[in-house]
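Below is one structure; the comments refer to it alone.
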Amino acid sequence: MKRLLLCLVFLPLHAGAAPAGAVLLWPGTPPGGAAPGPQRDSAKGSITQVEQPYLLVHRPARPNGVAILLASGGGYAHIEAGKESGPAAAWLQAQGITAFELVYRLPQEGGGVDAPFQDGQRAMRLIRARAAEWKIEPARIGMLGFSAGAHLAGMTAVQPHAVRYAPVDAADKVSARPDFAVLLYPVLTMQPPFDTTHAKKELLGAHPAQAARDAMSVELQVDAQTPPAFIAQALDDPIAPLENSQLMASALHRAGVPVELHLFRHGGHGWGLGKPGSEPAAWPQLLLAWLQAHGWMTAP
């Protein structure tokens with residue numbers, strides 16, 4: 001009787017720099033510094049030690065003028081590009097949307113707490129400044145975030161004009177405001193009792209002052225100039241309390257900003273595009289319908 005030998009192969013983290021073709025965010029050292037590097041990428045596409053933040057550009061064969069900047073989650077401790085921004089970028093590209101994956105600095109790895117928000121602002125400005133090159137309409141650029149990436153997208157949307165760094169070139173003269181925001185299973189508030197996420201710990205530590213909580217709570221920064229938002233979350237999300245979505249939707253409504261909120265009964269957290277057949281798998285088509293309804297896209 002033959003014996004079957006089972007070999008287990010463990011793929012370690014490998015180190016590297018920004019991939020070929022990536023668009024570096026900063027012409028030199030990022031403001032405040034960066035991780036000592038080199039960047040580390042797991043076999044599943046989780047990224048840490050971001051030495052130089054950058055964009056990965058996914059250009060469709062026939063661009064429709066819409067662009068979306070993607071920010072993966074990971075609790076501000078790592079970046080889940082492999083299961084979030086990567087698949088989403090490929091799907092958006094297939095719809096004619098130019099997608100940009102943002103690989104941003106993590107707050108505890110260099111650059112400080114402001115680092116991811118500096119990178120979010122800079123990325124939006126670079127995309128808008130180079131819109132003609134990528135065949136993008138400057139007034140049809142959105143930002144989509146997953147989990148902690150939704151916090152980054154949210155902060156960029158509600159405080160686009162915050163002075164987070166000194167201008168470095170002409171790109172910093174254009175607006176960092178997304179024209180719309182897409183927040184998926186989002187981490188948005190830092191207020192108790194909903195401040196149980198890893199993102200809160202990475203940004204604020206164990207016992208932050210109330211002023212620090214307020215400054216990092218996206219819903220508290222909403223005003224009438226905040227861009228329209230599409231929000232989706234599952235009722236059984238075990239990571240981000242449902243109140244993150246509800247508080248944000250309420251704040252937008254009070255400010256007179258259009259918001260569409262989708263709550264799925266089942267789905268948990270971290271679903272990315274959504275497993276085929278699951279409730280969250282509906283969000284991509286719901287998003288397309290929303291973009292068409294608001295005039296950012298035309299129906300096929």
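The first residue of the sequence shown is numbered 1, and numbering continues consecutively from there. Because the structure is predicted, anything quoted here is derived from the model rather than measured.
Contact of the Leu69 side chain with the Thr156 side chain is not registered, since no non-hydrogen atoms from C-beta on lie closer than 4.5 Å. Between Arg122 and Val168 the shortest side-chain heavy-atom distance falls below 4.5 Å. Inter-residue side-chain proximity for Arg213 and Pro192 is flagged as met; some heavy-atom pair is nearer than 4.5 Å. Within the 4.5 Å cutoff, side-chain heavy atoms of Leu235 are placed close to those of Leu242. Using a 4.5 Å heavy-atom threshold, the side chains of Glu109 and Thr48 count as touching. Under the 4.5 Å side-chain criterion, counting only non-hydrogen atoms from C-beta, Pro186 is not in contact with Met248.
Taking CD of Gln39 as the reference point, atom CD1 of Ile47 lies at 5.0 Å (rounded to 0.5 Å). Put simply, CG on Asn64 and CZ on Arg140 are 6.0 Å apart, with the number rounded to the nearest 0.5 Å. Atom CD1 of Ile127 is separated from atom CD1 of Ile136 by 6.5 Å, given to the nearest 0.5 angstrom. Going from atom OG of Ser147 over to atom CG of Leu188 covers 9.5 Å, rounded to the nearest 0.5 Å. For the atom pair CD1 (Ile231) and CD (Gln246), the distance works out to 10.0 Å, reported to the nearest 0.5 Å. One finds the CG atom of Leu70 at 10.0 Å from the CG atom of Leu56 (value rounded to the nearest 0.5 Å).
Scored by the ring-ring contact (aromatic ring centres under 6.0 Å, His included) test, His262 finds Phe230 as partners (sequence neighbours excluded). Checked against side chain to side chain contact (heavy atoms under 4.5 Å, CB included), Thr196 has the following partners two or more places apart in sequence or in another chain: Pro241. Applying the ring-ring contact (aromatic ring centres under 6.0 Å, His included) criterion to His294, with sequence neighbours excluded, gives Trp290, Trp296. Residues passing the side chain to side chain contact (heavy atoms under 4.5 Å, CB included) test with His266, sequence neighbours excluded: Asp236, Glu279. Among residues two or more places apart in sequence or in another chain, the salt bridge (Lys or Arg N to Asp or Glu O under 4.0 Å) test is passed with Arg164 by none. Legend: residues meeting salt bridge (Lys or Arg N to Asp or Glu O under 4.0 Å) with Arg128, ordered by chain and number and at least two apart, are Asp179. Under the side chain to side chain contact (heavy atoms under 4.5 Å, CB included) criterion, Asp214 pairs with Gln191, Gln210, Leu220, sequence neighbours left out. Remark: Trp91 pairs with no residue by the ring-ring contact (aromatic ring centres under 6.0 Å, His included) rule, at least two apart or across chains. When the side chain to side chain contact (heavy atoms under 4.5 Å, CB included) test is applied to Val57, the partners found at least two apart in sequence or on another chain are Val23, Arg59, Thr98, Phe100, Trp134.
With Pro208 as the fixed residue, the side-chain contact (heavy atoms from CB on, under 4.5 Å) test singles out one of Lys200, Met190, Lys201: Lys200. The one candidate from Gln108, His198, His151 that meets the side chain to side chain donor-acceptor pair (under 3.5 Å) condition with Tyr76 is His151.
No side-chain N or O of Tyr165 forms a donor-acceptor pair with one of Asp114 less than 3.5 Å apart.
Residues Trp283 and Val66 share a single hydrophobic cluster, defined by chaining ILVMFWY side chains whose heavy atoms lie under 4.5 Å apart.
With Arg130 contributing its side chain and Ala171 its backbone, the two residues share no donor-acceptor pair below 3.5 Å. Here the side chain of Asn244 pairs no donor or acceptor atom with the backbone of Val187 at under 3.5 angstrom. A donor-acceptor contact shorter than 3.5 Å links the side chain of Gln121 to the backbone of Ala162. The closest donor-acceptor contact from the side chain of Glu51 to the backbone of Ala34 lies at 3.5 Å or more, if one exists at all. Judged by distance alone, the side chain of Gln233 and the main-chain N or O of Ala240 form a donor-acceptor pair under 3.5 Å.
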**Working for side-chain contact (heavy atoms from CB on, under 4.5 Å), residues Ile97 and Leu291** = CA-CA 11 Å; Ile97 297 171; Leu291 292 173; 4.3 Å; yes

Enumerate donor-acceptor pairs with a distance under 3.5 Å from any side-chain N or O in residues 77-86 to protein atoms, sequence neighbours excluded.
residue : atom : partner : partner atom : Å
His78   : ND1  : Ser46   : OG           : 3.1
His78   : ND1  : Glu80   : OE2          : 3.3
Glu84   : OE1  : Gly73   : N            : 2.7
Glu84   : OE2  : Tyr185  : OH           : 2.6
Ser85   : OG   : Ser72   : OG           : 2.9
Ser85   : OG   : Glu101  : OE1          : 2.6

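Under a 4.5 Å side-chain heavy-atom criterion applied to ILVMFWY residues, the cluster that includes Leu247 comprises Phe194 as well.
Each side-chain hydrogen bond (donor to acceptor under 3.5 Å, both in side chains) pair with one or both residues in residues 20-29, not counting sequence neighbours, appears once here: Trp26-Asp119.
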